[in-house]
Structures are given as structure tokens and as C-alpha cells.
There are 2 protein chains.
Amino acid sequence: MRPQDQQTTVSAGQPDLAEVASKLRALSGQLTRRLRAASEGDGITMSQAAVLSRLVRKGPATTVELARAERVRPQSMGATLAALEEAGLVQRSPHPSDRRQMIMSLTEQGRRKIEEGRRIKESWIVQALRDRLDDRERAVVIEAIELLGRLTEED
Amino acid sequence: MRPQDQQTTVSAGQPDLAEVASKLRALSGQLTRRLRAASEGDGITMSQAAVLSRLVRKGPATTVELARAERVRPQSMGATLAALEEAGLVQRSPHPSDRRQMIMSLTEQGRRKIEEGRRIKESWIVQALRDRLDDRERAVVIEAIELLGRLTEED
DNA sequence: TATTGTTATACTCTATAACTATA
DNA sequence: TATAGTTATAGAGTATAACAATA
């Protein structure tokens, strides 16, 4: 009710959520570009890494399941999986009862690739998280990642 | 030193930052896809929106300045700016003293486009922030956006 | 009919390389 | 020489449309 409520960032009570969304959009773009640049030496792209990472966490899955999980079209997931298969990181096996479906699973090489990625402690983001945030700020970022992950995963 | 230190997520004290980075990468991909899908009706792409938004916040700038700010190559920024100019949302004027440079600024139409965007209160992310987080969680997310923005903007 | 997956095609974003104009 | 910007080309990621095989 105070006159300065027109400000874009309201200090307390009711932050302007459209403004927050806009900042999130900008952040998302920046993060994508920096993370992509940072993981260039990996030999795999970000989309491919996301699929490998999901296969590690949740086990084998079909194209359509993976597409839904990553929120892309089955055709797009098909392209990503074809690249991963060509690189020998995933393998496809027939579904036991439904011959339309293909089950994608990690190969041993794919599993090693994930382990490698986890050992990369010196990417810019890891350094930045370690060196430019204090403990409280790190905790804030970590919790926010969980919260936003929850929002994007649900319907 | 305890035996369970092999776990990927260490509960307290020293979170596995490579794990955090990996989650951030996954989140970034999800956010990008959902935000892009949500802003499809806008008539402008995410990159274009980022440039307009920066011109609003910081005023006119050259191609190279915008490229540095958004962390893309000048050629990529050139393409984005060409699309924005074609759409009538930005205009270019000669630099007063250096004839190599072009100053990009918002047109009235570009300014209106930004205002429109701010009025879109019903995008999925705004709804989700409003309806699926409590006040404390929202504050965490908002602070984390600031923190991560600081990390990506600096060198 | 509905679902799974593929092929064909196109657009956006970004990159590298090579160039012109100007400083 | 160095910087600002452009043009040409390529690759990744995604989409829609049309299709085949299977349920």
C-alpha cells in the first residue's frame, strides 16, 4: 500500500514473480552457455549427459520414457540416443513383451563416462561454488536447485 | 573419514560440489526447454528477450559489448541483433566518434514488447513459484537466482 | 485406434574462419 | 597491428509432419 510498491523488486511480502521469472530466464541462458562451454572437452553434449545421468539414477528406459522425462519430443530423444549409441555409451535391447519398444541402458563405457564427469572438480562452476560463496550461500543455492528441480519435474 | 563418505551426496559440512554442478546442469536444460516452450507465443526467442531486457536495464550498447555481456561471440550477437532489427524492436545508429561501431538501442516497439512480457503473469513458472512454494522457499529461490547470476556475470 | 519409434525437413543458437573497414 | 562488424559455413538441439510396425 505504500507508494513505492510500483518498484519492480518489492523488498518483502510479495516479490514480483514475473520479474523473478524473467531473471530466471536470463540466468538459464547464461548457465546453459557457460556449462556447455565448460563441458566441451567431455566429448559428450549437455543433452547426452542428461540422458546418461538419468540412466544412472533411474535405470534402463525406453525412448518415450526418456523423452517425457527430459521434456523433449520422442524424435529429438531418438537423435540423442542414436548419438549415444554410436559413441558406444548406451545400448538398445528389445522389450520382452512389446516388440515396438526398445530398452536403452548404459554400457560399461557409458558408466565410466559418468564417473569421469564426476571427477571434474575444476570446472568453472565448481570453483565458483567453492570459492565465491560462503557456507550459507552455498546451502541456499543447493536448496534452490532442489526446489526448482521439483517444479520442472512435476506437471 | 567415515566409511560412507563414498556417497555422492554428503549430508552436511561439505556437499559434493561436482554433484551440485551436475544437478545444476540438468536443471539448466530443463528450465531452458520449459521456458522456451512457455514463451513461444511471444514472437521473440529467448536470446532476443535477453538482449531486449539488457537494453532496458543498461541502455544502448554496441554489438561487442552485448556479446561480452551475454557471453556469446560477436557473430552470434550480430545474428540476434539482425533479427531484432528486422522485427523493428531495436535500431542501430552510428557511433559519434568511431565509425566502426554501431550503437544498438530499443525502439518504442521494443520497449512495448518488454512491457508485454512483464504482464504475462500466467506462465507456468510464475504459477509454480506462486502456488507450489511457500514464502521461505520462494525467498531461497530468489536469493539463489541472485547468487548464481553473480557467479555467471563475473570473470 | 492408439502407441512406439523412424525418417525427412526446417529453424534457432552458437561456433570457427575469413573478410572489410576503421582506428 | 588491433578492433568492430559482416558473411559463409557447420553442428547441436529442437520442432512438426508423415510414416511403419505393433498393440
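Keep in mind that this is a model prediction, so the values were computed, not measured. Throughout, a chain's letter reflects where its sequence line sits, starting with A, and its residues are numbered from 1.
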>> Using heavy-atom distances to pick each residue's nearest nucleotide on DNA chain D, tell me which of Thr80(A) and Arg68(B) is more 5'.
In response: Arg68(B)

>> Output the rounded distance in Å from NE2 (His95(B)) to C1' (dA23(C)).
In response: 12 Å

>> Set out, in order, the CA-CA distance, both residues' side-chain angles and the distance that settles side-chain contact (heavy atoms from CB on, under 4.5 Å) for Glu143(B) and Arg136(A), then state yes or no.
In response: CA-CA 11 Å; Glu143(B) 185 180 358; Arg136(A) 191 194 64 82; 2.7 Å; yes

>> Apply side-chain contact (heavy atoms from CB on, under 4.5 Å) to residues Leu17(A) and Arg138(B) and explain how you reach the verdict.
In response: CA-CA 10 Å; Leu17(A) 293 185; Arg138(B) 245 188 315 275; 3.9 Å; yes

> Counting just side-chain N and O atoms, does Ser47(B) come under 4.0 Å of either OP1 or OP2 of dT12(C)?
Replying inline: no

> In residues 55-66 of chain B, which residues come under 4.0 Å of DNA chain D by heavy atom?
Replying inline: Thr62(B), Thr63(B), Val64(B)

> Can Leu151(A) be reached from Leu148(B) by stepping across I, L, V, M, F, W or Y side chains whose heavy atoms are under 4.5 Å apart?
Replying inline: yes

> Over how many whole Å does the gap from Arg73(A) atom CZ to dT12(C) atom P extend?
Replying inline: 18 Å

> Between Glu70(A) (CD) and dA15(D) (P), how many Å, whole number?
Replying inline: 12 Å

> Can you check whether Arg68(A) reaches Val64(A) side chain to side chain, under 4.5 Å on heavy atoms?
Replying inline: yes

> Does Arg99(B) put a side-chain nitrogen or oxygen below 4.0 Å from OP1 or OP2 of dA23(C)?
Replying inline: yes

>> From CG of Leu81(A) over to P of dT14(D), roughly how many Å is that when rounded to an integer?
In response: 12 Å

> Are Lys113(A) and Gln48(A) close enough that some pair of their side-chain heavy atoms sits under 4.5 Å apart?
Replying inline: no

>> For Gln75(A) and Thr45(A), find the nucleotide of DNA chain D closest to each by heavy atoms; which residue's nucleotide sits nearer the 5' end?
In response: Thr45(A)

> Would you say the side chain of Leu106(A) lies within less than 4.5 Å of the side chain of Leu89(A), judging by non-hydrogen atoms?
Replying inline: no

>> I need the CZ-P distance between Arg100(A) and dT4(C), as an integer number of Å.
In response: 6 Å

> Just to confirm, is there a sub-4.0 Å distance from OP1 or OP2 of dT14(C) to any side-chain nitrogen or oxygen of Arg33(A)?
Replying inline: yes

> Starting at CZ of Arg36(B) and ending at P of dA15(D), how long is that distance when rounded to a whole Å?
Replying inline: 7 Å

> Taking atom P of dA20(D) as reference, at what distance in whole Å does atom CG of Asp98(A) sit?
Replying inline: 19 Å

> Touch check for Ser97(B), heavy atoms < 4.0 angstrom, all strands: base, sugar-phosphate only, or nothing?
Replying inline: sugar-phosphate

> Whole-Å distance between dG5(D) C1' and Arg92(B) CZ?
Replying inline: 9 Å

> Do you see a donor-acceptor pair shorter than 3.5 Å between the side chains of Thr32(A) and Arg36(A)?
Replying inline: no

